[in-house]
Amino acid sequence: MQKIVVILGPTAAGKTSMSLTLAKKFNGYIISADSRQIYRGMDIGTDKLTRNKWQGIKHRMIDIVNPDDDYSLAQYQKTVFAIINDQKKLLPFLVGGTGLYIQSIVDNLDIPKGGPDKVLRKELNEKTVQELFRMLIKIDPKTAQVIDENNKRRLIRAIEVCKTSGFKYSDRTKKNKPVVNALQIGVKISREEMYKKINKRVDEMMEEGLLDEAKKLGEKYDWDIPSMSAIGYKQLGLYFKKELSLDEAVELIKNDSRHYAKRQMTWFKRDSRINWVSSANEAEKLIERFL
RNA sequence: GCCGAGGUAGCUCAGUGGUAGAGCAGUAGACUGAAAAUCUAUGUGUCGGCAGUUCAAUUCUGCCCCUCGGCA
């Protein structure tokens with residue numbers, strides 16, 4: 001089985017610089033596991049390492065689609081597996097903070113087929129969560145038992161899978177046999193330090209021209225497409241739409257980033273296979289033992 | 001100094017003669033083709049201080065302290 005090293009952690013923990021150090025040391029390349037860095041033109045706000053800073057290390061899954069292209073977990077999984085299969089000489093470093101994307105690779109999630117059916121989604125979106133929940137009870141009672149009843153997006157997705165794939169959602173969500181042997185390394189950071197770094201980084205992004213980047217994207221794309229829900233862009237969108245002052249928008253970026261980082265921690269906490277380190281040295285030792 | 005408004009949770013503020021609540025923040029959690037998305041749970045604090053009225057005061061009265069306006 002192909003060995004891969006995963007470098008994960010909340011936003012601002014220092015994954016990028018650690019992964020560069022390690023990729024150089026172990027003759028590796030980097031596969032981004034970041035659901036927003038896939039978009040071209042979203043650079044400053046996603047804290048993307050631009051091409052000129054790659055230091056000769058090969059990077060994949062960055063700038064692969066345009067902001068108005070549809071993209072999904074299933075595509076991500078498929079593409080990453082193809083990359084790993086194709087590139088056998090270098091050690092893959094899967095680096096990022098999108099827990100679900102990482103899990104789809106590490107655990108080879110069997111992602112339910114079916115959809116996305118935009119027409120159906122739109123139609124379902126007009127119903128209330130109560131109505132959707134009642135629908136789901138009829139077509140897939142097993143899922144209805146465990147789903148968040150108020151989570152419209154999940155209700156819609158479950159119904160969509162049942163209606164378009166011929167399978168029940170509950171029959172389709174499982175793990176397949178793993179196809180990679182993954183060493184998962186988490187970059188440790190205290191809550192306090194993390195929040196401090198996030199606040200500082202948002203200010204730096206503004207200095208680097210996030211406002212201008214967001215403005216250009218806003219001129220080209222609708223503010224309500226999925227990619228534009230990325231932190232940094234969404235809030236500045238509210239400023240451009242005159243719903244917030246600039247100061248309020250920047251404060252909201254910080255706030256939403258902190259919330260996001262907290263959710264990431266919740267996600268990672270439940271995976272006991274993750275080895276938490278606070279330096280590249282510690283990570284190096286783990287990798288040496290792993291290889 | 002005078003006039004007015006106000007001092008209640010970390011912040012912004014509601015409210016009541018029977019010792020108090022929302023939003024935000026914080027904290028915890030869920031998560032399988034939108035995941036930086038989406039959803040859930042969670043509020044004891046000298047109700048500015050002292051005294052008075054009252055069976056009972058955060059609520060009414062008096063004095064004091066502080067903050068913010070306006071006038072000097």
Side-chain angles (χ1 to χ4, degrees), chain A residues 9-12 32-39 42 44-48 65 67-79 96-118 120-122 124-125 129 132-133 143 146-165 167-176 191-192 194-195 198-199 201-202 205 214 224-237 248 251-271:
Chain A
T11 190
S32 165
D34 185 304
S35 69
R36 303 291 141 153
Q37 293 191 1
I38 60 168
Y39 295 111
M42 303 180 86
I44 298 170
T46 64
D47 207 27
K48 195 184 284 170
V65 294
D68 57 348
D69 290 331
D70 288 328
Y71 201 79
S72 71
L73 172 66
Q75 273 166 279
Y76 179 82
Q77 185 192 41
K78 194 173 155 207
T79 312
T98 304
L100 180 59
Y101 281 17
I102 293 170
Q103 205 199 352
S104 77
I105 305 303
V106 171
D107 289 334
N108 193 13
L109 294 182
D110 183 11
I111 299 158
K113 310 283 187 292
D117 184 331
K118 281 189 175 171
L120 180 65
R121 281 185 188 189
K122 206 176 160 196
L124 293 175
N125 202 262
V129 284
L132 293 170
F133 186 61
T143 298
V146 296
I147 205 162
D148 293 337
E149 285 181 43
N150 291 315
N151 196 329
K152 201 169 199 180
R153 188 163 293 186
R154 297 247 167 78
L155 288 166
I156 289 175
R157 174 60 187 154
I159 293 167
E160 177 184 62
V161 168
C162 296
K163 288 206 165 189
T164 62
S165 74
F167 290 98
K168 285 184 180 171
Y169 189 72
S170 46
D171 295 334
R172 298 294 309 164
T173 54
K174 57 180 199 285
K175 293 173 184 176
N176 287 321
R191 189 64 62 91
E192 198 187 2
M194 179 170 84
Y195 286 176
I198 286 171
N199 292 339
R201 200 176 67 176
V202 171
M205 285 176 179
D224 57 5
I225 61 176
S227 62
M228 295 291 266
S229 69
I231 296 169
Y233 304 96
K234 180 173 85 181
Q235 297 79 358
L236 290 176
E248 285 169 336
E251 277 313 300
L252 190 59
I253 294 174
K254 292 175 182 174
N255 200 48
D256 288 350
S257 300
R258 292 195 298 267
H259 282 161
Y260 171 50
K262 195 172 175 300
R263 263 179 283 131
Q264 287 178 301
M265 286 312 300
T266 301
W267 178 282
F268 293 133
K269 254 188 265 177
R270 69 176 176 177
D271 192 340

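No hydrogens, no waters, no symmetry mates; every other heavy atom, side chains included, goes into these values. A, B, ... follow the sequence lines: proteins, then strands. Residue 1 opens every chain.
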Rounding to the closest angstrom, what is the interatomic distance between [N] and [M] at atom [atom1]?
N      : M      : atom1 : value
B/rU42 : B/rA5  : P     : 40 Å
B/rG18 : B/rU59 : C1'   : 11 Å
B/rC11 : B/rC65 : P     : 24 Å
B/rU44 : B/rU61 : C1'   : 29 Å
B/rG15 : B/rG48 : P     : 15 Å
B/rG7  : B/rA14 : C1'   : 15 Å

For the pair A/Tyr101 and A/Tyr76, name the ring-plane relationship: parallel under 30°, tilted 30 to 60°, perpendicular over 60°. parallel
Would you please confirm or rule out a distance under 4.0 Å between OP1 or OP2 of [N] and any side-chain N or O of [X]?
X        : N      : answer
A/Arg121 : B/rG33 : no
A/Arg263 : B/rA28 : no
A/Arg191 : B/rU27 : yes
A/Asn150 : B/rU38 : no
A/Tyr195 : B/rU27 : yes
A/Lys152 : B/rC39 : no

How would you label the contact of [X] with the nucleic acid (heavy atoms, under 4.0 Å): base, sugar-phosphate, or nothing?
X        : answer
A/Tyr233 : nothing
A/Asn255 : sugar-phosphate
A/Gly45  : base
A/Lys262 : base
A/Thr46  : base
A/Tyr71  : sugar-phosphate

Under 3.5 Å on both distances, the Watson-Crick or G-U partner of [N]:
N      : result
B/rC71 : B/rG1
B/rG33 : none
B/rC24 : B/rG10
B/rU16 : none

Which nucleotide sits closest to the side chain of [X]: [options]?
X        : options                : result
A/Tyr101 : B/rG33, B/rC39, B/rA35 : B/rA35
A/His259 : B/rU27, B/rG26, B/rC31 : B/rG26
A/Glu160 : B/rG33, B/rC31, B/rC39 : B/rG33
A/Leu73  : B/rA35, B/rG33, B/rC39 : B/rG33

Name the residue closer to the 5' end of RNA chain B, choosing between A/Gln235 and A/Arg157 according to the nucleotide with the nearest heavy atom. A/Arg157
Given RNA chain B, 5'-ward residue of the pair A/Arg258 and A/Gly232, judged by closest heavy atom: A/Arg258
